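In listed order, ligands and their atoms are each counted from 1. This structure is a prediction, so every number in the text was calculated from the model and none was measured.
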Amino acid sequence: MIKTISIRSICFLAITLVCIACTEKKKAHIPMPTTDLSVNSLIPKPLKTIPTNSAFALDQFTAIYTSKNATGFEEVGKFLSQKLNDHTKLTIPVNTEGNNTVERIIYINQSDSLELAAPEAYQLYINQDSIIINANNSEGAFRGIQTLRQLIPIQSNDTLAPQQIWPVPSGKIYDNPNFAYRGSMLDVARHFFSVEDVKKYIDILAYYKINVLHLHLSDDQGWRIEIKSWPKLTEIGGQTEVGGESGGFYTQEEYKEIVAYAAERYMTIVPEIDMPGHTNAASVAYPFLNGNGKTPKLYEGTRVGFSTFDTRKDTVYTFIDDVVREITAITPGPYFHVGGDESHVTKKNDYIYFINKVEKIVQKHGKRMIGWDEVAIANVDETSISQWWASEENAKKAVEKGMKVIVSPAKKAYLDMQYDTLSKFGLHWAAYIPVDTAYTWSPEEYGIPRENILGVEAPLWSETISTIDELEYLAFPRIIGYSELSWSIPDNRNWEDYKVRLAEQAPFLDRMDVKYYRSPLIDWKKSNYTYETIIKD
Ligand code: TNX
């Protein structure tokens with residue numbers, strides 16, 4: 001451990017610990033329970049865990065300190081303090097000097113150790129009087145504090161001491177993700193979801209170390225992002241949704257708010273404008289786009305594959321250039337998703353011509369193109385990314401082209417598939433996906449070489465859901481399993497072990513007011529908040 005902490009940090013730690021020792025009103029020794037860090041309920045499961053069988057007493061005499069002059073570390077400390085406050089009501093100061101009531105510290109330390117060279121790597125050392133989180137950068141530190149949050153018991157153990165404490169099991173954790181891209185997609189086109197709904201989803205995903213939210217921003221039924229140079233896209237194309245309810249769209253300011261909220265949680269937003277198919281709403285707003293001389297009607301059904309842009313018209317590419325320019329200008333992440341799926345009424349040659357041109361537009365605006373697996377039939381560049389959802393042949397083509405692949409097999413990873421025949425929402429064209437089926441597969445098992453796999457994404461299409469409760473019913477608990485499939489190595493994944501850890505998530509999900517599906521396959525842990533009482537509210 002010493003190796004990984006800089007001299008500066010050691011001096012700081014030493015001074016802090018001496019100050020703690022000198023504190024005059026020293027508290028009576030608090031007996032700690034015997035713990036076993038290796039049987040905790042962490043999801044995703046960390047790479048390596050070494051228990052030391054004691055505990056750190058989180059209480060009102062705890063303070064957080066972070067490395068000075070390390071970008072983003074203080075913000076991570078403040079984020080942790082806020083979340084600890086939400087959970088325990090304790091007010092834990094961050095980087096407050098001359099605080100003589102401090103007895104124990106949580107230190108978030110920037111370290112250049114080679115052991116932390118892997119992206120998002122962190123180490124967590126939990127001792128009786130200190131918790132040290134080592135990371136090379138603030139992203140790793142942020143992942144590390146999610147682990148710490150999960151280790152705080154649901155309730156304080158006030159039978160052990162005169163004051164309330166939350167005993168955190170002691171030991172060491174070494175961790176970094178198996179895959180860099182760990183995502184979920186939300187379809188805000190079939191049904192629109194408010195900024196607040198999206199933020200809530202982001203918040204829960206971040207707790208499970210998911211780092212990408214892909215927003216499906218346009219489809220036949222609606223255009224959901226303001227484009228200032230083409231205002232009718234939202235004025236007309238954003239006014240409806242499946243079932244004919246009111247629709248909606250994000251202004252660019254609102255989209256920026258989502259992007260910033262995600263960035264604070266080290267999550268990348270991937271915007272998708274689906275084309276050349278799935279474009280009915282855009283063509284209603286600007287009929288020249290479809291090139292067939294007809295003005296289509298707003299569409300409120302759920303059929304796919306009936307619309308297309310006119311791929312041979314220059315003005316269509318001028319339009320696309322404006323859309324990509326405006327969206328990329330407010331998207332700091334490296335990706336732009338062009339859809340490209342189910343273009344059943346676009347001729348194959350036209351489709352290839354279109355994807356080739358759009359890829360260049362995306363690159364001109366400084367982003368890497370992502371497309372659904374069909375895009376691999378075009379002459380795409382190896383820097384572009386294929387999102388494999390259906391065709392193994394297309395996935396093979398992508399690998400042959402040297403592309404990276406996002407693994408999203410509909411039969412295993414589609415959050416809009418029903419759990420079983422009794423499910424209230426969802427479809428089942430690909431499969432029924434109960435919670436165990438969603439977990440017991442491996443991104444590596446489909447013949448896509450490990451080095452081509454960028455990661456895993458679980459898409460949530462919204463034909464059958466229109467409220468946050470319905471969204472949560474389909475997403476949770478399955479998305480929690482997908483987080484483990486993308487973060488943890490195969491040796492650390494096991495259904496029997498996972499299902500026990502998943503059961504332990506109930507109190508957190510209840511506290512966060514997540515209306516998850518209480519799968520009968522899981523022996524859900526009881527919490528003060530029962531599902532029934534929340535539903536009644
Ligand atoms: C297929 S998956 C689609 C979507 C639908 C979804 C419903 C993909 C790239 N396209 O347009 O919403 O099925 O499950």
Inset, instruction - Under the ring pair (Phe, Tyr, Trp, His ring centres under 6.0 Å) rule, collect the residues that match up with F193, sequence neighbours excluded. - result: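 Residues passing ring pair (Phe, Tyr, Trp, His ring centres under 6.0 Å) with F193: none at all.
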Inset, instruction - Can you sort out the partners of Y286 under ring pair (Phe, Tyr, Trp, His ring centres under 6.0 Å), two or more places apart, ordered by chain and number? - result: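 Residues passing ring pair (Phe, Tyr, Trp, His ring centres under 6.0 Å) with Y286: W230.
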Would you mind listing which atoms of ligand 1 come within a distance below 4.0 Å of any non-hydrogen atom of [X]?
| X | value |
| --- | --- |
| E342 | 1 (C), 3 (C), 4 (C), 10 (N), 11 (O) |
| H278 | 11 (O) |
| M417 | 14 (O) |
| L427 | 7 (C), 14 (O) |

Are any of the N/O atoms in [X] less than 3.5 Å from those in ligand 1?
| X | answer |
| --- | --- |
| W461 | no |
| D416 | yes |
| R190 | yes |
| D187 | no |
| W372 | no |

Report the nearest protein non-hydrogen atom to [atom]: residue, atom name, distance rounded to 0.1 Å.
| atom | value |
| --- | --- |
| atom 2 (S) of ligand 1 | Y414 OH, 2.4 Å |
| atom 5 (C) of ligand 1 | E463 OE2, 3.3 Å |
| atom 8 (C) of ligand 1 | D341 OD2, 3.3 Å |
| atom 13 (O) of ligand 1 | W429 CZ2, 3.4 Å |

Inset, instruction - Kindly determine whether D513 and K515 satisfy salt bridge (charged side-chain N to carboxylate O under 4.0 Å, His left out), including the steps that lead there. - result: CA-CA 6 Å; D513 192 22; K515 308 290 196 302; 2.8 Å; yes
Look at the rings of [X] and [Y] and say which category their plane angle falls in: under 30° parallel, 30 to 60° tilted, over 60° perpendicular.
| X | Y | result |
| --- | --- | --- |
| F288 | F319 | perpendicular |
| Y122 | W487 | tilted |
| F425 | Y473 | perpendicular |
| W372 | W461 | tilted |

Inset, instruction - Check the side chains of R493 and S442 for a donor-acceptor pair under 3.5 angstrom, ignoring hydrogens and angles. - result: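 Side-chain D/A pair, S442 to R493: present.
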Legend entry - Distance-only polar pair, side chains of Q418 and H428, donor-acceptor under 3.5 Å: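 Yes, because at least one side-chain N or O of Q418 sits under 3.5 Å from a partner of the opposite role on H428.
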